[in-house]
4 protein chains.
Amino acid sequence: MAPEKARRRPVQARAQVTYDAILQATAQVLVAEGFDKASTNRIAKVAGVSVGSLYQYFGNKEGVFTALIDQVCDEQIALLQGMAGAMLAAPLPVAARAYVEALLATHERDRAMHEAISQQAAHLGLPGLRRVQAESRRVVRRYLEAHADAILPTNLDLAAFALVGMVQGMVDSAFFCEGAAAWPGLAEEICRVVLRYLLGHDAAPA
Amino acid sequence: MAPEKARRRPVQARAQVTYDAILQATAQVLVAEGFDKASTNRIAKVAGVSVGSLYQYFGNKEGVFTALIDQVCDEQIALLQGMAGAMLAAPLPVAARAYVEALLATHERDRAMHEAISQQAAHLGLPGLRRVQAESRRVVRRYLEAHADAILPTNLDLAAFALVGMVQGMVDSAFFCEGAAAWPGLAEEICRVVLRYLLGHDAAPA
Amino acid sequence: MAPEKARRRPVQARAQVTYDAILQATAQVLVAEGFDKASTNRIAKVAGVSVGSLYQYFGNKEGVFTALIDQVCDEQIALLQGMAGAMLAAPLPVAARAYVEALLATHERDRAMHEAISQQAAHLGLPGLRRVQAESRRVVRRYLEAHADAILPTNLDLAAFALVGMVQGMVDSAFFCEGAAAWPGLAEEICRVVLRYLLGHDAAPA
Amino acid sequence: MAPEKARRRPVQARAQVTYDAILQATAQVLVAEGFDKASTNRIAKVAGVSVGSLYQYFGNKEGVFTALIDQVCDEQIALLQGMAGAMLAAPLPVAARAYVEALLATHERDRAMHEAISQQAAHLGLPGLRRVQAESRRVVRRYLEAHADAILPTNLDLAAFALVGMVQGMVDSAFFCEGAAAWPGLAEEICRVVLRYLLGHDAAPA
DNA sequence: TATGAATGAGCTTTCATTCAT
DNA sequence: AATGAATGAAAGCTCATTCAT
């Protein structure tokens, strides 16, 4: 697939409806039938729209998928930022727990679509994934800055990097490993990893 | 792609040559041109072999890729097991460092192919990836058992799971985040995460 | 060949043109070049249409042939029914002669296509052939009912079966046996077989 | 398929075994899996022989099938001739009955193979079928000559032609029409058709 | 602007046939 | 003579994309 050639941003209300219908149909087909079945013709049909319209709005097939992925990533980033605002002053154990729970919940919620994208359109998802990771690191770093005197790591970039990576890795593993996501004590253990890294010991139950 | 139908195991010498040539060509095309360009005809041509031969040995397209992935995973598992034997008695800081370095080195070595697979044929790689993860957890668990009295976690399954996930996550992040893999202090930081999780503090400098 | 999967019924005018062109091209290629040469690409080319269009209307290769055969059978059945209406009250010798002549004429007319189908796509023609035979028996039986008091056979189902089979067999033989179709007295002899079976003697010349 | 290029007639005992094994495997595959699955490689494998050997004996694929069909036709012709010798002096009702019964029995016996050939390799079967029909007419004609003074038809060629065609037609119909072959009274009715044609009336019961 | 019929390059797969061993 | 690995033309079919209406 060549990089997208042209797209028309929807300006009228009717156009916005069409645009959204296509993205929604894309998500639906992707999840229900897989990337291989997600042809532009199929997507258009499911969206109740002609192929021609799809090409009017998205330029080419890649454009449809990147738009969908961008939308998902934007939501994820918005969630992160919302949480960051609410948690900036929270004590570490609380913030960590909130972060871990949020990631697990997100994964749980659109697990099917994340899997579909990461397993079959991963190359299209890379830029979005990078954006999410970068924003995650920025948010985490900002938190670490605000709590710098309470934690061991001094290189905050490195610490943010490590934190985002380790949590992501454990969460991914949990969903990748049949049944692991439901383990009792999983979220707690992930928090323990985080706290021991940042504090050198488990949080005092204070 | 349907699951593979039938394959003929090579018996004559030249048959083995053909078989290997096809797998090698697959890796090469995958890395150099991407999954989309890796048609069976292209692979056969690069292998210097006819398409017919490809289908004689692999049954269908999927079979070629899964054979390649299996081969890569087998190597990875062999490496793990070799390391496990050598490191079982090693003190934690040494073992951790070896594990982390090995993972980073592996990633470095066939980065291109891992990326190609995980970004474009991830669905075919799942079984192999699971095998590697499961074996990793088994190896790590065996190490933890042998050192159970020196570490904090008591649920060794959960600990092995967390360790494999966190390290994988940080290593992946490092290669995913442009430039991060080369950061000085990266391996050290990953080890620090591991040690603080297992010991509650950094390892005493002997 | 698998049973047909899906087809789009033509709605626009040009679509109908395309549909018909494909069927006509199929007949032409089948007759002129044989079933083996009648690939979907060849048919499409002869029809002056792209392969894609062929698959839009017929779903798969088998679909093209069965549509053609169905069309031929429908014509044949329509002819039968037309004749049945006109001949129901006719005396046996006249009706028999008309039936035999009609079969010979039909065979003569699209001999090439019947041969092509029966010799190279017979398995696809079976359902159509069955339909034609069943309808033939029905029509003949109706005639026999109307003339039941004038004929020897009392089991009309069996008689209809025998009549349709015997006439078909002799007509087929005539066209199968080089030159036999042109024999003088052939039609007359077939009628004689029919009349002697039904009456026990040749028809009185009134 | 091009007409056969060369074949080596088996001269040694071992060669004859191979030759027969291939023909038998062809029949088996044809009946059990259909013409489409009857590739030369498959046939060779079922015959327990290498493809190379198949090509040594039969020159090309068509050669295998025509050899098989020839063999079947030869058997059929031998049967006909055997019957002719035994029946030449028999009275008409007896001879007719024997002929009809023999045809029905033959059909019954290798119904599957006849169907396989006539439905999927009819073009290869034409020459053989012609030979059988021609021989049938010859045999019937010889019988008619010997009984010329007892029958109505005077053009014996035409009569033989009609007889062979009509009986074949009714027998074929019987097997083509689901269930008809098992009808009670079927053979009798076919004989009745024959006798009325030849005598103008049913045979006097001696 | 929206439609959907039409396009055709290109993919996966099969199989008759060859020929070095 | 026998083997079976290798060949590669060609088949059926899909789908991203275009464009006349």
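Side chains included, hydrogens not; waters and symmetry mates left out as well; all remaining heavy atoms used. Chain A is the first sequence line, chain B the second, and so forth, proteins listed ahead of strands; every chain is numbered from 1.
Residues from residues 21-34 of chain A placing a heavy atom under 4.0 Å of any atom in DNA chain E do not occur.
With sequence neighbours excluded, no residue forms a side-chain hydrogen bond (donor to acceptor under 3.5 Å, both in side chains) with A:Ser39. For the side-chain hydrogen bond (donor to acceptor under 3.5 Å, both in side chains) test, no residue two or more places apart in sequence or in another chain qualifies with B:Arg130. In this structure B:Ala21 satisfies the side-chain contact (heavy atoms from CB on, under 4.5 Å) test together with B:Ala47, sequence neighbours excluded. In this structure, A:Ser118 has no side-chain hydrogen bond (donor to acceptor under 3.5 Å, both in side chains) partners at least two apart in sequence or on a different chain. Residues passing the side-chain contact (heavy atoms from CB on, under 4.5 Å) test with D:Ala122 are C:Gln119, sequence neighbours excluded. Qualifying salt bridge (charged side-chain N to carboxylate O under 4.0 Å, His left out) partners for B:Arg131, counting only residues two or more places apart in sequence or in other chains: B:Asp70, B:Asp74. Partners of B:Gln120 under the side-chain hydrogen bond (donor to acceptor under 3.5 Å, both in side chains) rule, at least two apart in sequence or in another chain, do not exist in this structure.
The closest donor-acceptor contact from the side chain of D:Asn60 to the backbone of D:Gly63 lies under 3.5 Å. With C:Ser53 contributing its side chain and C:Val49 its backbone, the two residues share no donor-acceptor pair below 3.5 Å.
Between the C1' atom of E:dA16 and the CZ atom of D:Phe35 lies a distance of 12 Å, rounded to the nearest Å. If you take CZ of A:Phe58 and P of F:dC15, they are 20 Å apart, rounded to a whole angstrom. Taking atom CZ of A:Arg42 as the reference point, atom C1' of E:dG4 lies 16 Å away to the nearest angstrom. C:Asn60 places its CG atom 5 Å from the P atom of F:dC13, with the value rounded to the nearest Å.
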Next item on the list: Give the B/S/- string for nucleotides 6-11 of chain F, one per nucleotide from 5' to 3', where a protein heavy atom under 4.0 Å of the base yields B, of only the sugar-phosphate yields S, and otherwise -.
Entry: BBBB-S

Check: So what's the dot-bracket for DNA chain F: Watson-Crick or G-U pairs under 3.5 Å, [ ] if a pair crosses, | if it pairs off-strand?
Finding: .||||||||||||||||||||

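The list of salt bridge (charged side-chain N to carboxylate O under 4.0 Å, His left out) pairs with a residue in residues 15-29 of chain A, not counting sequence neighbours, is empty. Residue pairs meeting the salt bridge (charged side-chain N to carboxylate O under 4.0 Å, His left out) criterion with at least one member in residues 119-128 of chain B: none, sequence neighbours excluded.
Distances shown here put a side-chain N or O of B:Tyr55 below 4.0 Å from the OP1 or OP2 atom of E:dT13.
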